[in-house]
Each structure stands twice: as structure tokens, then as C-alpha cells.
There are 2 protein chains.
Amino acid sequence: MNVDFKPDNFQVALATSVVLYGFDGHDLKLLIGTKTNDPFKGADFLPTIPVGVKEEPEMVVRKLMRKVTGFDDWPIERLNVFADPYRNPLGRVVNIAFYGTLRLNEELENNLGSSEFRWVNSDQTPPLAFDHNDIVDYSKERLKRRVKRRPIGFSLLPREFTLNQIQRLYECALGRELDKRNFRRKLLKSELLVETGKTVRSSPRAKRPSQLFRFDGKKYRTLSLEGYDFVYQ
Amino acid sequence: MNVDFKPDNFQVALATSVVLYGFDGHDLKLLIGTKTNDPFKGADFLPTIPVGVKEEPEMVVRKLMRKVTGFDDWPIERLNVFADPYRNPLGRVVNIAFYGTLRLNEELENNLGSSEFRWVNSDQTPPLAFDHNDIVDYSKERLKRRVKRRPIGFSLLPREFTLNQIQRLYECALGRELDKRNFRRKLLKSELLVETGKTVRSSPRAKRPSQLFRFDGKKYRTLSLEGYDFVYQ
DNA sequence: ACAAAAGTGTTACACTTACACCCATGT
DNA sequence: ACATGGGTGTAAGTGTAACACTTTTGT
């Protein structure tokens, strides 16, 4: 069986793109850029960067995130590889795509590294260049799956959050409404949330304040080792 | 943002490997080869083949399967991509790995396309060249997940099979024993099995014959469209 | 006192798990 | 008649889903 590589096998380029999700307490958004050069100049696309022949894709993605948002210390996960032979008109480019999750705050929302990028509501993704809409769709499925099985949303939430915020996040990610009482019961039973004792008013119109919770990361890691599965159907 | 590719980005090669699972009614096996040339001459490895610059990985994998087993019409699924920069000593080779499932029969088991290949019990995978053990481990996790959520085992089973065979297959894939009564109840409730009325004796020593069932593929496709989830915990 | 959002319990049903014996058949 | 694997039922417990009102607080 031939497993030898001849010189003309080494003609492929690597790229990596990242689908960055941010949650601002009310909406789930993702980061979109606009191409400033050909091919597809002027089209929207995902943050994307070539991967050098000796580079590790994850490192390259972190570099890219830092360039675009100013930070690179958010959890990311490899999504999939998009390897259609003609997905890029310049030649064969294999795209190793990632997705990441972060808490949106005003600083992040307004001070992006360059004006080529913006946050869009995750259910209003515009048409994108290359096969980037496929990448976004794939990442949404992955996020849905993760949210169902792992209490992963915490990297999207503020460090202290209300039960209504986390429910809203789950509803955005899953794309459907959830029952408040059942959601709370399930969440509190997991014992991954701890009360802070603090409260906050969700809006100027809201009279009664909500309780603030935070995520018990240590407990989660312990449970995780025991094979804990969150599972929100 | 730089998304331009310069000529020296195009120096990567693509390969694809396949983890082929076969079930012979009693054991779950997978296909392993022995390298006949360097690098790693003499080492065991997965069936692997370079992907040409204009080729589609799935097509290449099917070609590979045909070369090794004589057939290429089994269901395959893309697993993951293994892209560590130094996984191959010849240069940067990105491996787009697949896994496939087939029914083992004596013909397949004994008439492999070449003597470089053999079937090994899936829980006795030998040390493999490159990062192929990682690929195998990953495929086992995927198979486990698939078996839990989809009635996927049917491409591994003979067209007509006994409940004991399918239980045995699930036990191999999940790596643990299952309760016979609970397993049957669950499986029969799904209404994806139809009785053939035929029976077979499982071994010369077995006196009472077992009933033969087959899979109702049409019903499955219908249920599938409605978002059916099998779920065997 | 009213407006607004926060917060809270119960019941019916479905599914999961644990468990041990009788049955049909060939020799 | 016996040996062999094939086949069957029940009960307890756990999780899910549907459902509407009371409480707290600021104005």
C-alpha cells in the first residue's frame, strides 16, 4: 500500500478560522469581519489566518483572537476541518476551524482591534465568503450539544449572573424557550451554582432585584472527573 | 487582517486513514496493516493513503477501502483531523481520518486484498505508527457515542440477526455488559426491528434456536426525520 | 396601590434499573 | 431426562414536562 508522499503532495495550505461567541447578558453574538482584499474583497467572513507549515493551529488561533479582540485567554475548542478542494479560489486551503466563548462587556463590544470586525446577533449571521456559513452552522450545532451536556455556558456569562441570564443564554443557544421552574430546579439540583448573597436589578423598570450566583468551578472539576453529565434535553 | 496565502504556505500534504470496524456476530474487530516501507517499516498502522491536491478525501478513502477489502460500499463517516506539525517525519502531513462499519463474513475475513492487512480484536489494538493509536481511540469514542444515540449497529450486523448478537455488539462497542431483559425491552419498543419468522441455532451446542430479526430501515428514516433519538445510556 | 419582574410546588407520566426463573429444543 | 442457551415480567425509583400564582421591591 502506498503511503509515500511525493513532492507534489506537498502543495496544500492550512488556515484556521474562529467562530467567537459572546453573550452580553441578553443576546448571543458572534464576531464577523469584512474582507479588505481579494479574493471576496468587501464580503463578510470569519476571522481567519494562514497556519504556517510548522505552526500549531491552536496557537495561531489564539494569536488571531488577540489581534482582533485584544485577548486570547478564552476557552476555545477545535470544531472541525473544512477541506473541500475548491473552497478557496487561490488553491487548496484546508481550514481547521475553532470556536470560542467569551463574556461580552462594553469594552470588548466597542473596542475591537480593528474596524473591520463587528459583533452580530447569532441568529442574524449574514452571508459569508468561502464556506464560512457552513462553519458557523456547524459551530451552532456544537454549541447546542455542549450546552446540553456540559455546564459550559459559564465562560459566556458574567462572573456573577442571575438565573434569568443563564436561562436566557440557554434559550439563545438552544433556540427555544425553556420552562422557568424546571430550568431552575435542574440547575440548582446540580449544585454547581453558589449564591453570592448579592442582588442586582435587571433593568431600570424592574423593581424587585434578582439574586446573583456564581459557578463553582472546583466542584465542577471534581464532578467532571467522576464522569458527570449535565444533560439539558 | 492577513488572509492571503503566499507560495510558501502551500507546503502541506494531505492524507486520509480509515478505522474499519467489522463485527462477525461475536467479536468487534478492526483492520490493521503492516508498513512495508519507511518511515516505520514493519510497524503496524491504519490503512492510509495520500490525498491528491485536487481530490476529495471521502472518495480517496473509498478507493482505499476497495483496495484493501474489495468493497467500498459501507457507510463511512469523517472522524476528525490529526494535524500535529511533527506527526509525520517526512514533512507536515494533515490526516483527515474516517471510520467505517461493515458486516464481517468469512470471505471478508480471509480474502483481504493483500497480506499486509489483518483483522484484530478491537480491544487488542497493537501499538501503531504515527499517531494512529490516537485515531483508533478517537474512533472508539465516536462509535460508543453513535451506538448510544443512533441505531447505527445495523451496518455491522448480518442482514438478519438475533437479539443476542445485537446485544453482544452493543456490549463490545460500549465496553460493558448489558441486562438482557432491559436491552430487549428497549430495542423492541423502538419498533425498528421486524421479525422474520426464521430461526437459527447460535452454536452446535445450543439446543433452542434464536429468532432472527431484521432492521426496518424505512421506518428508521421516517423516525429520523422527526428527530428521533435512540439513546442507550 | 400599582407595576414589574422574581421566585416558587405539585402531579402525572415515562423511563431506568435491578433482579431470577421457566421454556423450547436437540441429544 | 438432561443440558444448553433462549426467552420472559414486575416493582421501585428517578427524571421530565406541564402548569399559574404569590412575593418582593421601587415608583
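Naming convention: chains lettered A, B, ... in sequence-line order (proteins, then strands); numbering from 1 in each chain.
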Next on the checklist: Distance criterion of 3.5 Å, no angle test: do you see the side chain of R181(B) paired donor-to-acceptor with the base of dA20(C)?
Outcome noted: yes
Item to check | base_contact_polar (dT10(C) base, R185(A) side chain, donor-acceptor, <3.5 Å) | outcome: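 Result: at least one qualifying N/O pair found.
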Next on the checklist: Can you tell me if K180(B) touches the phosphate of dG7(D), counting only side-chain N or O atoms and a distance under 4.0 Å to OP1 or OP2?
Outcome noted: no
Euclidean distance, atom [atom1] of residue [X] to atom [atom2] of [N] [Å, nearest integer]:
X       : N       : atom1 : atom2 : result
L212(B) : dG6(D)  : CG    : C1'   : 13 Å
L187(B) : dT16(C) : CG    : C1'   : 16 Å
L178(A) : dT16(D) : CG    : P     : 13 Å
N182(A) : dC13(C) : CG    : P     : 16 Å
L163(A) : dT24(D) : CG    : P     : 17 Å
R168(A) : dA5(C)  : CZ    : P     : 14 Å
E177(B) : dC19(C) : CD    : C1'   : 15 Å
Q165(B) : dG6(D)  : CD    : C1'   : 13 Å

Checklist entry - So, are D27(A) and R168(A) salt-bridged, with charged N and O less than 4.0 Å apart? => result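 R168(A) and D27(A): salt-bridged.
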Item to check | Single hit among E195(A), K198(A), R159(A) for side chain to side chain contact (heavy atoms under 4.5 Å, CB included) with L212(A) | outcome: K198(A)
Next on the checklist: List the residues meeting salt bridge (Lys or Arg N to Asp or Glu O under 4.0 Å) with D24(B), not counting sequence neighbours, and say none if there are none.
Outcome noted: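 Listed in chain order: K29(B).
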Is it the case that the side chains of [Y] and [X] hold a donor-acceptor pair, with the cut-off being a distance below 3.5 Å and no angle test?
X       : Y       : result
R142(B) : N80(B)  : no
S202(A) : S210(A) : no
S139(A) : Y21(A)  : yes

Next on the checklist: Mind checking if N164(A) touches a base, just sugar-phosphate, or nothing, with heavy atoms under 4.0 Å?
Outcome noted: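 Here N164(A) touches the backbone only, sparing every base.
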Checklist entry - What nucleotide among dT10(D), dG7(D), dG7(C) has an atom nearest to a side-chain atom of Q211(A)? => result dG7(C)
Item to check | Ring centre gap for F130(B) and F45(B) strictly below 6.0 Å | outcome: no
Item to check | Sorted by number, the residues of residues 191-209 of chain A with heavy-atom contact under 4.0 Å to DNA chain D | outcome: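 By residue number: R201(A), K207(A), R208(A), P209(A).
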